[in-house]
Every structure is written in C-alpha cells, then in structure tokens.
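Presented below is the structure to which this report refers.
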Amino acid sequence: MLQVRSLRKSYDDRVVVKDVSFDVEAGEIFALLGPNGAGKTTLIRMITDIIRPDAGTVTFAGRALRGAGRPRVAYLPEERGLYRRAGVLETLVYFGELKGLNASTAKREASALLAEFGLEAWARRQVQALSKGMQQKVQLCAALIGRPELLILDEPFSGLDPLNVQVLEQVLHQRRHEGTTVLLSTHQMNKVEQQCDRALMINRGHMVLYGRVAELRRQHGAHAFDVQADARPPQVAGVTGITPHGDAWRVALTAEAEPHTVLAAMVASGLAIRAFVPAVPPLEDIFVDVVQRGVGLDEGRSGPPTIDEPHTTGDAR
Ligand code: ATP
C-alpha cells in the first residue's frame, strides 16, 4: 500500500535520511523506530508531503501523495496543540471539514469518535476543560475523522493511562481490520512487540533493521531455549550453560547443537518438560545493541538497502 523508495534528505550538506525504502501493507500496523535524532520525523514529514525529499518517491496504492486523487492521510505529530477555547465537538467538526467532509457528515463522524473514546459527555465543553490525556484522545479523534486510508501516529500512547491505552489499542485494531494502514512511531518497545506486525529501524538516517518483529527478535536471539520443567534440566551434550530465568531455566546451546537432539536427551533423562521455547530477546535490548554497536552504518555499502534485501543485521547466532 504505502511504498517508500530511496527517500533522501540533507540539511546543510548533512544527510539526515539516507536512501530509505520500505513498504507498509493495507491493514498492517507498522513501527518506525530509531533513537532521538535518527530521522524519523523527517521521514514522516516527507511521507506526508510536509517537506520535499531531495530524492526518492512515496506512493500509496500507486497514487502520489499530492495532487488530485491523493489518498486520505492523517498524521498525529509528536508536538500537538488544539485551540484551547474551542468546543470539543466543534474542534472535531472543524478538522472533518478541513478534510473535505460536509458539516453533517463531520458532525456524525465526530460524535461517533467521541463515543468510541468515551468522551461523549465532553462534546460541548471547551478543550481547556479537559485533562491532558483527554485532550490527547481528542487529538486522536481529530486524526481519525475523515476515515484516513493511511494513519501516521507519532507516540500516540504518551500521556494515556493504562485503560485509555487499551481503548486506543482497540481502536487501532478495529481500524486495521477495516483496512486502514497504520504507521506508528514510538519509543515504547513493548507496544511494538504487542501491536506491530513489522518494523523499520533507522539510525543516523540509515535503515538498520527491517522486517517482521517476531523474526527480528528471533534473528537476534542467542542459541538458547527456555525450559519449564519439574526440576533443573540435566547438562546433556550440546548444552553450555543452565541458569534460572523467571519460572524457567535458560539453557544455552553450542552453535552446532540441534535443539531437538538436546530436547530428546533431556526427555530421555526422565525430566518432565512443560515447555521448551526459543529464548528471544526483548526488542528494547535489540534496539540498544544495534544503536550502541552502530550496526548497519557501514558507509561502504555499494548501494542503498532495498526492500528485497532487508537490511537486518544477520548476526543470528
Ligand atoms: P526524535 O526521536 O528525537 O524526535 P527524530 O528521529 O524524529 O528524533 P528528526 O527530527 O527527523 O529525528 O531529526 C533528524 C536529524 O535532522 C537531526 O539531527 C536534526 O537536527 C536534523 N534536522 C531536522 N530538521 C532539520 C531542519 N529543518 N534543519 C536542519 N536540521 C534538521
């Protein structure tokens, strides 16, 4: 759906987005990750046509992002602001009309969104009467009005309490099932693990990770398994170490060891095993490791990473 190809942007001769290419499918929640200053906002601003790229293209379902026939794109930026003295419903109707809805459709959609976010009782109040988290929900309603085909959200969970986080998650899931393409930029790695199908990570403008979240985690895992059993697993052939890990034992294997052979040896020893699962690192650990080691920043690459050659680190052990 969203197709980004070789986007590049420089400021003052400094490349801040370097040949970034990726796809986001319809009905996908896609994460855009990267440390502060990596170039995420610059990338989003090029996708939303706020700034012009020096090179590269962005299309959505084959259509350009500007001009007649452009897709409906909504962007919730990280720096947000509403007219404090305007009414809540009035604000949403205004945004709906800006997006081309007629007044009655805008009002109908705005009321439905306020109900979805549990804000219907606040429709006639001024924005300034709402708490920060409630204003954040109004901002989300403003992004969602007009039924965007591409929804770009920068840190949408910030400022929301756990219940409202759940409300937003439900809204996002419903929208994705309706076919909305969601691009989510966040530093909350647990949310990416829970909510996102695939992710792109950039660092200093370079693509450094790209792929399915589960696959990225698996690739970065050590050759180890978490074993739940009624006793400490035995040190069978191929095992280099066994350490307690939560309610399981983390069993590290030699590079050559076959997991099924190790499992069979443990079962043969009489151990009653409830679970034997690959140990995958949290995304946060991968993020820190990739940034600290400068993975993917090799300037000597012969060409830009392409979507056919996802630029994962490839250091699965
Ligand atoms: P954060 O997570 O902190 O929001 P980011 O990944 O969104 O960071 P950007 O805001 O895209 O990062 O900035 C990337 C780099 O581009 C930074 O070094 C920033 O200083 C630089 N930059 C962004 N906009 C401009 C501008 N208008 N002029 C000059 N440099 C800019």
Side-chain angles (χ1 to χ4, degrees), residues 2-24 29-58 65-66 73-81 132 135-136 139-140 143 150-160 165 168 181-196 198-211 213 216 282-299 301 304-305 310-313:
L2 177 68
Q3 199 176 65
V4 174
R5 290 293 177 274
S6 303
L7 271 195
R8 176 182 279 254
K9 184 76 186 175
S10 298
Y11 287 114
D12 311 320
D13 293 334
R14 195 166 59 94
V15 180
V16 298
V17 172
K18 184 175 187 290
D19 304 322
V20 169
S21 300
F22 63 99
D23 287 329
V24 186
I29 304 184
F30 185 93
L32 176 60
L33 313 175
N36 296 131
K40 303 179 297 294
T41 307
T42 306
L43 185 58
I44 289 173
R45 285 180 179 157
M46 290 191 281
I47 293 170
T48 49
D49 200 29
I50 294 170
I51 58 173
R52 291 283 169 95
D54 297 337
T57 57
V58 181
L65 273 285
R66 75 170 73 96
V73 179
Y75 172 33
L76 176 77
E78 199 176 4
E79 298 93 32
R80 326 190 217 272
K132 191 171 134 239
Q135 290 188 29
Q136 162 87 345
Q139 299 266 8
L140 286 159
L150 173 61
L151 180 60
I152 301 178
L153 304 173
D154 197 348
E155 292 293 355
F157 298 104
S158 74
L160 297 183
V165 165
L168 176 56
T181 301
V182 182
L183 179 61
L184 184 71
S185 181
T186 182
H187 294 300
Q188 295 187 31
M189 295 298 141
N190 61 335
K191 287 284 154 244
V192 177
E193 288 172 3
Q194 295 161 6
Q195 304 295 322
C196 299
R198 294 188 308 129
L200 166 69
M201 181 171 161
I202 58 174
N203 187 16
R204 290 194 239 155
H206 296 64
M207 292 178 71
V208 294
L209 288 178
Y210 176 51
V213 173
L216 294 174
L283 202 54
E284 187 164 321
D285 290 1
I286 299 170
F287 182 105
V288 170
D289 179 58
V290 166
V291 174
Q292 284 183 341
R293 291 198 293 125
V295 170
L297 297 181
D298 51 337
E299 301 289 345
R301 284 175 63 90
H311 196 185
T312 56
T313 60

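First listed ligand is number 1; within each ligand, the first listed atom is number 1.
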What are the atoms of ligand 1, with element, lying closer than 4.0 Å to any heavy atom of [X]?
X	value
V16	15 (C), 16 (O), 21 (C)
A38	5 (P), 6 (O), 12 (O)
T41	4 (O), 5 (P), 7 (O), 10 (O), 11 (O)
E78	4 (O)
H187	2 (O)
P35	6 (O)

Could you find the nearest protein heavy atom to [atom] and give me its residue, atom name and distance?
atom	result
atom 24 (N) of ligand 1	Y11 CE1, 3.4 Å
atom 2 (O) of ligand 1	K40 NZ, 2.8 Å
atom 19 (C) of ligand 1	R14 NH2, 4.0 Å
atom 9 (P) of ligand 1	T42 OG1, 3.7 Å

Location of contacts on N36 toward ligand 1, heavy atoms closer than 4.0 Å: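 It is both backbone and side chain that touch ligand 1.
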Greater than 12 external heavy atoms within 6.0 Å of E284's CD: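 Result for CD/E284: open.
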Heavy atom of S185, distance to ligand 1 below 4.0 Å: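 Distance cut 4.0 Å: S185 fails for ligand 1.
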Close approach of G37 to ligand 1, heavy atoms, under 4.0 angstrom: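 In this structure, G37 qualifies as a contact of ligand 1 - some heavy atom is under 4.0 Å.
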Indicate yes or no for a side-chain donor-acceptor contact from [X] to the backbone of [Y] under 3.5 Å, with no hydrogens or angles considered.
X	Y	value
R204	G294	no
Q195	I29	no
K9	R52	yes
E155	H187	yes
S21	S6	yes
E193	L283	yes

NZ/NE/NH1/NH2 to OD/OE distance under 4.0 Å, D54 and K18: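 Between K18 and D54 there is no salt bridge, as every charged N stays at least 4.0 Å from the carboxylate O atoms.
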Aromatic ring pairing F22/Y210, orientation class (parallel under 30°, perpendicular over 60°, tilted between):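 Ring orientation, 0 to 90° scale: perpendicular.
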Nitrogen or oxygen atoms of G39 and ligand 1 under 3.5 Å apart: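 By distance alone, the answer is yes.
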